[in-house]
2 protein chains.
Amino acid sequence: MTSLNRPHTTDEVHEAFRKYLRDHGIKWTKARQRTLEAVLQLKEHFEAEQVLHQLRQGGRNVGKATVYRTLPLLVDCGILKQVRFDVKQAHYEHSYGEGPHDHMVCRRCGRIIEFASEEVVELSSRIAQRHHFHVVGHRMQLSGLCWECSIVCPVAMAPLESEAAPPKKSKRKRK
Amino acid sequence: MTSLNRPHTTDEVHEAFRKYLRDHGIKWTKARQRTLEAVLQLKEHFEAEQVLHQLRQGGRNVGKATVYRTLPLLVDCGILKQVRFDVKQAHYEHSYGEGPHDHMVCRRCGRIIEFASEEVVELSSRIAQRHHFHVVGHRMQLSGLCWECSIVCPVAMAPLESEAAPPKKSKRKRK
DNA sequence: ATGCTTGCAAAACGTTTGCACAGGG
DNA sequence: CCCTGTGCAAACGTTTTGCAAGCAT
């Protein structure tokens, strides 16, 4: 939602990255530039592997290690934000100039819906205060069914892919 | 907080597991029994490796694979809940008969503080309704500094271990 | 007796690191 | 020119899987 019509040009983002690198004595290299470009072409939420894929697809090869070393820089300078869903891999989203928001993840189709979270921020502060905790950030994730899936399949919770799985002889639920 | 004085005896939990297994045509075996016992001895939040460790310590050896195969069963039958913090490994907590709650994670000492979350649940519903989303569950995590750490170290965000790291020659921020 | 369960080892997975070479300031 | 950055491959820690043997029903 917020990632469409991003309020900043790619040039601005490039400049922000170069400034960040300069200020930290890190070099502006071809590999880092290409990684940033690939990242800017990706929409919404993505993982490291997709950045690699995007790079290979454009014929601009960058080593896996370099991508993994560059992503934290982009996070550190505010262009990306690391988001962790209920999976082992890290996901990233664009955060340059974007307001804070949280996510709803559909258990069936995997769709990720963003929502602005002023109320969540307020609630966080209230709760933190109550426990003498100094909040720096928060993460809130709702899981359930998106509108389409709740119509198609009002009860099922199983991920979409498992529908094709052939029934087992036993009564076991484990996949 | 809620894991202390759990409102159910270990017998009740055992029985719940056995019933779950029976109902699903899964066998009640020594390995699964031992895994459950180890899990019940662990307090608060733990990871798979700690279950293994607990088992070895008690001389009741169970294969790593078996533990990894049993934990999802315990989650599925409601005895455990999988919780993912900002790390790659999964963590688990006891959920049998416990009310919903969320977590605050201290960035410095790693302490995890639980808080009851009726307000969070309410807010979830309100937000979901607004987006025509059918919520099934939520996850909220505040990160920041716990009371002790915010006194010791009012500004630092770096994890505790990095304090011992020797300063590098360059101006770079990366570890 | 049958076939689910086990433990081991090996694979898979995402991520990190060591190293010799390339290339930017 | 120096020192950082790169790419490769190998290491890493967690989790999963293949398989022959074990054991609960």
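Worth knowing before you read on, the calculation uses all heavy atoms, side chains too, and leaves out hydrogens, waters and symmetry mates. If you're wondering where the values come from, they're calculated on a predicted model, not measured in any experiment. Labels below follow one simple rule: chain letters A, B, ... track the order of the sequence lines, proteins then strands, and each chain is numbered from 1.
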Quiz item: Between the axis at one end of the helix from C:dA1-D:dT25 to C:dG25-D:dC1 and the axis at the other (five pairs apiece), what's the angle to 10 degrees?
Solution: 30°
Quiz item: D:dT15 P sits how many Å from B:E49 CD, rounded?
Solution: 8 Å
Quiz prompt | Gap between atoms CZ and P, on A:R60 and D:dT6 respectively (whole Å) | solution = 15 Å
Self-check item: Residues forming a ring pair (Phe, Tyr, Trp, His ring centres under 6.0 Å) with A:F85, sequence neighbours excluded
Solution: A:H45, A:H91, A:H103
Self-check item: Polar side chain donor-acceptor pair, B:D102 to B:H138, under 3.5 angstrom
Solution: yes
Self-check item: Ring centroid separation A:H94 to A:F46 under 6.0 Å
Solution: yes
Quiz item: Considering only heavy atoms, which members of residues 80-92 of chain B lie under 4.0 Å from some atom of DNA chain D?
Solution: B:Q89, B:A90
Quiz item: Taking atom types as modelled and ignoring hydrogens, do the side chains of B:E37 and B:Q33 form a donor-acceptor contact shorter than 3.5 angstrom?
Solution: yes
Quiz item: Rounded to whole angstrom units, what separation is found between the NZ atom of A:K64 and the P atom of C:dG18?
Solution: 18 Å
Quiz prompt | Nearest-Å distance for atom pair CZ/P, residues B:F46 and D:dT14 | solution = 16 Å
Self-check item: Partner residues of B:S95 under the side chain to side chain donor-acceptor pair (under 3.5 Å) criterion, sequence neighbours left out
Solution: none
Practice problem: Mark up nucleotides 17-25 of chain D, 5' to 3', with B wherever a protein heavy atom is under 4.0 angstrom from a base atom, S wherever such an atom reaches only the sugar-phosphate, and - elsewhere. | Solution: BB-----BS
Quiz item: So, B:E119 and A:R126, do they make that salt bridge, N to O below 4.0 Å?
Solution: yes
Practice problem: Return the orientation label for the B:W28 and B:F17 ring planes: parallel under 30°, perpendicular over 60°, tilted otherwise. | Solution: perpendicular
Quiz prompt | Gap between atoms NE2 and P, on A:H24 and D:dT4 respectively (whole Å) | solution = 16 Å
Quiz prompt | For A:K30, side chain to side chain donor-acceptor pair (under 3.5 Å) partners two or more places apart | solution = none
Practice problem: Find the distance A:R32:CZ to C:dG23:P and express it as a whole number of Å. | Solution: 15 Å
Quiz item: Looking at side-chain heavy atoms only, is the closest gap between B:R34 and B:L55 below 4.5 Å?
Solution: yes
Practice problem: Write down the distance between CG (A:N61) and P (D:dG7), rounded to a whole number of angstrom. | Solution: 8 Å
Practice problem: For the side chain of B:A48, starting at C-beta, report the closest nucleotide among D:dT6, C:dC8, D:dT15. | Solution: D:dT15
Quiz item: Do you know which two heavy atoms are closest between B:L145 and A:F133, and how far apart they sit?
Solution: O-CD1, 3.4 Å
Practice problem: In whole angstrom, give the distance that lies between atom CG of A:L71 and atom P of C:dT15. | Solution: 9 Å
Exercise. Would you tell me whether A:R107 and A:S143 have side-chain atoms, one donor and one acceptor, within less than 3.5 Å of each other?
Key: yes
